[in-house]
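Take a look at this one; I'll ask things after.
Labels below follow one simple rule: chain letters A, B, ... track the order of the sequence lines, proteins then strands, and each chain is numbered from 1. The basis for the numbers below is simple: all heavy atoms, side chains too, and nothing from hydrogens, waters or symmetry mates. Being a predicted model, the structure only gives us computed values, none of them experimental.
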Amino acid sequence: MTASSEYRDFVRQIVEDDLASGKWGGRVHTRFPPEPNGYLHIGHAKSICLNFGIAKEYGGKCNLRFDDTNPEKEDVEYVDSIMEDVRWLGFDWEDRLFYASDYFEQLYQWAELLIRREKAYVCSLSLEEIRSGRGTPSEPGTDSPWRSRSVDENLDLFRRMRAGEFPEGAHVLRARIDMAHKHMLLRDPIMYRIRYAEHHRTGNKWCIYPTYDYTHGQSDSLEQITHSICTLEFENHRPLYDWYCEALGIHHPQQIEFNRLNLTYTMMSKRRLLLLVQEGFVSGWDDPRMPTICGLRRRGYTPESIRAFVAYVGVTKNNATMDMVVLENHLREDLNRNAARRMAVLNPLKVVITNYPEDQCDELDAINNPENPAAGSRKVPFSRELFIEQEDFMEDPPKKFFRLGPGREVRLRWAYFITCTEVIKDSSGKIVEIRCTYDPATKGGDAPDGRKVKATLHWVSARHTVKADVRLYDHLFVREDPDEVADPALDWKSNLNPASLQVVTGAMLEPSLASAVVGDRFQFERLGYFCVDRETTADRLVFNRSVTLKDAWAKEQAKG
RNA sequence: AACCCGGUAGUGUAAUCGGUAACACAACAGAUUUUGGUUCUGUUUUUCCAGGUUCGAGUCCUGGCCGGGUUACCA
């Protein structure tokens, strides 16, 4: 949270300074450049909010550009999902949708230019030879024997690489920089490799593909980007980014690196998330336990809550890990204001109101959202047989348990005060039903004589019930840091939480929920926030628990 | 190991010429409450270390220490 309204994070500080100095002629132009090799996650949301947010705040523009230079890992499935997720988060690239692959011809022409300027050469060493020739951080590399090929030979070879005359791995194009450079990255980095792979956009037009380093800065340059904002791991690449722009003499944006977002009890590695999907640890990229944007969306997160969270976490260069509770609190804060309240019983315990006539039924007024009077109210039916939550009754309650017990009186939300008179058990001793009396004078939940109860319970009328499956989610991993393993023989997968999904099949809902449609969000009173899952069908309602309510009783119990 | 980047309450983030170390969340205690929710009040806890410059250092300098990134024909 910001201490004062004057505060600007260091990236915005740079943007404002540049605006003040006129460095870019008053322009602010950013871009969000995902590689379409996976689904976007909450970490990308930070980058999206930063790039699109800065553009919006300073009257600039933000492009969406797919960094699609590695056809072997990329796919249109990812392209489509990324566009959907960016839009869902509330951002708009207008007519500025670009692909690095759109620049392949230009990039190729620039490569020939660098060859002519003797700043690039075709190297015919094997992968292994290149690797060993690069040296180590403490020892300089050795020049490739092909480093001094003539311009004409390089041009000829490079053109034949493009023409498909050589097998994969036969040659690469390298920048001629310095094999003794202290930055390993500047020891004649690879610009092009031969790949006979079909590209999701260019098909089989190309068999040579530019590397990230040779592509990214030039793409920024072509789009007249001013501030190229990326995460910290690209800090090492900045000298190369700068080198290509300078060597080519083209518009040279400023690369600025910020810290990526990490969260406890989950992970952001696209590679690992893909593995969770492929090996079936989760049901898909949009499994509600995944930190992906589509997973969070299906879980019931709102774009507003994600944007607020991202604004809250801030932008610095520190390595930071946010507590998952902070993300959850932002959802709670949003939904507390905006989600309608409903009553639902997950683990039903039958209650019979012995002094309530069998054929009678009350239609009681229930307020939809105490935080928002405009949300109005609804009717809930009350009858002789009800369900309450099993956890709301204890035969022999401890001191701090305020809910129902033998001889105790509690309030049923929006209904009546009831007093427990009898406990019915089966032959094994399990409680199967409790009997209560109600006080007709307390209709609506207020006692005219001013008497107080210590608890208010949620409930549903047995014969008016709507049934549903409810999926209760917990952290994907049992440890804050999934990489922390007790036994060195184990890896992060051993920290997967076996109880991260619990399915309740016989949940009893109040009748108004029968008309809920996919995506609807509710607070089930005293339980948490839930949304209607996309697997809901005409005869089966499915709810996902987005987040629990804070639970002071659970905390008290945990103390032991 | 070399290069790059960081180190401020438990966590994240402020302190904008070098001028009283603060905010949020978490934790704890209490008040209110027809959700053990919400709201409100209060409490605990902070500048990695050692020197130096200075009237004064989280901020500047020197040297350590610790953490992260990089060492791909991935991005």
message: Within the 3.5 Å criterion, strictly below it, is a donor on A:Glu510 or A:Ser512 matched to an acceptor on the partner's side chain?
response: yes
Polar pair under 3.5 Å, donor/acceptor by atom type, side chain A:His181, base B:A2: no
message: For B:C74 and A:Arg193 - does any side-chain N or O of the residue sit under 4.0 Å from the phosphate oxygens OP1/OP2?
response: yes
message: Under 4.0 Å, heavy atoms only, any strand: does A:Ser126 hit a base, just the sugar-phosphate, or nothing?
response: base
message: Looking at A:Arg479 and A:Asp481, is any side-chain nitrogen of the basic one under 4.0 Å from a carboxylate oxygen of the acidic one?
response: no
query: For B:C65, which nucleotide is its Watson-Crick or G-U wobble mate, given both distances must be under 3.5 Å?
result: B:G7
field: Pair of N/O donor and acceptor under 3.5 Å linking B:U35 base with A:Arg341 side chain
entry: yes
field: Nearest-nucleotide 5' precedence on RNA chain B, A:Thr136 against A:Gln13
entry: A:Gln13
message: Would you say A:Thr316 places a side-chain N or O within less than 4.0 Å of OP1 or OP2 belonging to B:G6?
response: no
query: Is the shortest side-chain N/O distance from A:Lys550 to OP1 or OP2 of B:U38 below 4.0 Å?
result: yes
query: Quick one: the side chain of A:Tyr312 and the base of B:A24, do they pair up donor-acceptor inside 3.5 Å?
result: yes
- prompt: Is A:Phe401 touching bases, backbone alone, or none of the nucleic acid, heavy atoms closer than 4.0 Å?
  reply: base
- prompt: A:Glu168 CD to B:C74 P: how many Å, rounded?
  reply: 10 Å
query: Checking all strands, does A:Glu72 fall into the base, sugar-phosphate, or nothing category for heavy-atom contacts under 4.0 angstrom?
result: nothing
query: When you check the phosphate oxygens OP1 and OP2 of B:C74, does a side-chain N or O of A:Arg195 lie under 4.0 Å from one of them?
result: yes
- request: Check whether any side-chain nitrogen or oxygen of A:Lys317 sits under 4.0 Å from OP1 or OP2 of B:C4, and answer yes or no.
  value: no
field: A:Arg272/A:Asp483 ion pair, N-O < 4.0 Å
entry: yes
message: Between A:Asn236 and B:U71, is there a contact of a side-chain N or O with OP1 or OP2 at under 4.0 Å?
response: no
- request: Describe the nucleic acid contact of A:His237 in one word from base, sugar-phosphate, nothing, applying a heavy-atom distance below 4.0 Å.
  value: base
task: Test for a donor-acceptor pair under 3.5 Å between the base of B:U39 and the side chain of A:Glu371, counting only N and O atoms.
output: no
task: Quick one: label A:Arg403 by what it contacts on the DNA or RNA (base, sugar-phosphate, nothing), any heavy atom closer than 4.0 Å.
output: base
- prompt: Which of the following nucleotides, B:U11, B:C5, B:G12, is nearest to the side chain of A:Asp323?
  reply: B:U11
message: Just N and O in the side chain of A:Arg174: are any of them under 4.0 Å from OP1 or OP2 of B:C73?
response: no
task: Can you figure out which of B:G37, B:A1, B:U11 approaches the side chain of A:Ser138 most closely?
output: B:A1
field: Touch class at under 4.0 angstrom, heavy-atom based, for A:Gly169 against every strand present
entry: base
- request: Look at A:Asn70 and B:A75 and indicate whether a side-chain polar atom (N or O) is within less than 4.0 Å of OP1 or OP2.
  value: no
message: Checking contacts here: which listed nucleotide (B:C74, B:C4, B:G37) is nearest the side-chain heavy atoms of A:Glu35?
response: B:C74
task: Would you mind reading off the distance between A:Arg271 atom CZ and B:A72 atom C1', rounded to a whole angstrom?
output: 13 Å
query: Does B:A29 pair with anything, Watson-Crick or G-U wobble, both distances under 3.5 Å, and if so, with which nucleotide?
result: B:U41
- prompt: In terms of the nearest nucleotide of RNA chain B, which residue is placed more toward the 5' end: A:Phe524 or A:Val326?
  reply: A:Val326
task: Name the nucleic acid region contacted by A:Glu235, choosing base, sugar-phosphate or nothing; use a 4.0 angstrom heavy-atom cut-off, strictly under.
output: sugar-phosphate
field: Rounded distance in Å - CG (A:Asp188) to C1' (B:A72)
entry: 16 Å
- prompt: Is there side-chain contact between A:Pro36 and A:Phe66, with heavy atoms separated by less than 4.5 Å?
  reply: yes
Phosphate contact (B:C73 OP1 or OP2) by A:Arg134 side-chain N/O below 4.0 Å: yes
Sugar-phosphate, base or nothing in reach of A:Leu549, heavy atoms under 4.0 Å: base
message: Applying the 5.5 Å / 30° rule, does A:Trp553 stack onto the base of B:G36?
response: yes
task: Identify whether any heavy atom of A:Tyr209 sits under 4.0 Å from a base atom; if not, whether one sits that close to sugar-phosphate; answer base, sugar-phosphate or nothing.
output: nothing
query: Can you list the steps and then say if A:Thr30 with A:His227 is a side chain to side chain donor-acceptor pair (under 3.5 Å)?
result: CA-CA 6 Å; A:Thr30 58; A:His227 304 269; over 6 Å; no
message: Please pick, from B:G10, B:A15, B:U35, the nucleotide with the shortest atom-to-atom distance to any side-chain atom of A:Tyr7.
response: B:A15
query: Using a cut-off of 4.0 Å on non-hydrogen atoms, how would the nucleic acid contact of A:Pro33 be classed: base, sugar-phosphate, or nothing?
result: nothing
- prompt: Roughly how many Å is it from CG in A:Asn369 to C1' in B:U39, rounded to a whole number?
  reply: 14 Å
- request: Begin from the C-alpha positions of A:Phe104 and A:His199 and carry the test ring-ring contact (aromatic ring centres under 6.0 Å, His included) through to its verdict.
  value: CA-CA 12 Å; A:Phe104 280 176; A:His199 187 279; 5.7 Å; yes
task: For the pair A:Glu168 and A:Arg193, find out whether any cationic side-chain nitrogen is under 4.0 Å from an anionic carboxylate oxygen.
output: no
- request: From the options B:A72, B:A75, B:A14, select the nucleotide whose nearest atom is closest to the side chain of A:Asp67.
  value: B:A75
- request: For B:G68, take OP1 and OP2 only and decide whether either is under 4.0 Å from a side-chain N or O of A:Asn262.
  value: no
task: Go through B:G69, B:U71, B:U35 for me and flag the one nearest to the A:Met184 side chain.
output: B:U71
- request: Look through every strand shown and name the nucleotide pairing with B:A57 as Watson-Crick or G-U wobble, where both distances are under 3.5 Å.
  value: none
message: Under a 4.0 Å threshold between the charged nitrogen and the carboxylate oxygen, would A:Arg31 count as salt-bridged to A:Glu223?
response: no
query: Rounding to a whole Å, what distance do you find between A:Asn318:CG and B:C48:P?
result: 11 Å
- prompt: OP1, OP2 of B:G6 versus side-chain N and O of A:Asn259: anything below 4.0 Å?
  reply: no
message: Does A:Thr215 reach a base, just sugar-phosphate, or nothing at all? Heavy atoms under 4.0 Å.
response: nothing
- line: The nucleotide from B:G6, B:U35, B:C28 with an atom nearest the side chain of A:Lys555 is B:C28
message: Assess, by modelled atom type and distance only, whether the side chains of A:Thr316 and A:Asn259 contain a donor and an acceptor separated by less than 3.5 Å.
response: yes
- request: Verify the neighbour count for atom CZ of A:Arg162: are there more than 12 heavy atoms of other residues, nucleotides or ligands below 6.0 Å?
  value: yes
statement: From CD1 of A:Ile130 across to P of B:C74 the rounded distance in Å is 11 Å
message: Among B:U35, B:A26, B:G36, which nucleotide has an atom closest to any side-chain atom of A:Asn329?
response: B:A26
- line: The Watson-Crick or G-U wobble partner of B:G18, with both key distances under 3.5 Å, is none
query: Atom CG of A:Asp68 to atom C1' of B:A75: distance rounded to whole Å?
result: 11 Å
query: According to the Watson-Crick and G-U wobble definitions, with both distances under 3.5 Å, which nucleotide is paired to B:U70?
result: B:A2
- request: Quickly work out the A:Asp392 CG to B:G37 P distance and round it to whole Å.
  value: 14 Å
- prompt: For the base of B:G37, is there a side-chain donor-acceptor partner from A:Arg332 under 3.5 Å away?
  reply: no
message: Is there a side-chain contact between A:Arg526 and the phosphate of B:G36, meaning an N or O under 4.0 Å from OP1 or OP2?
response: yes
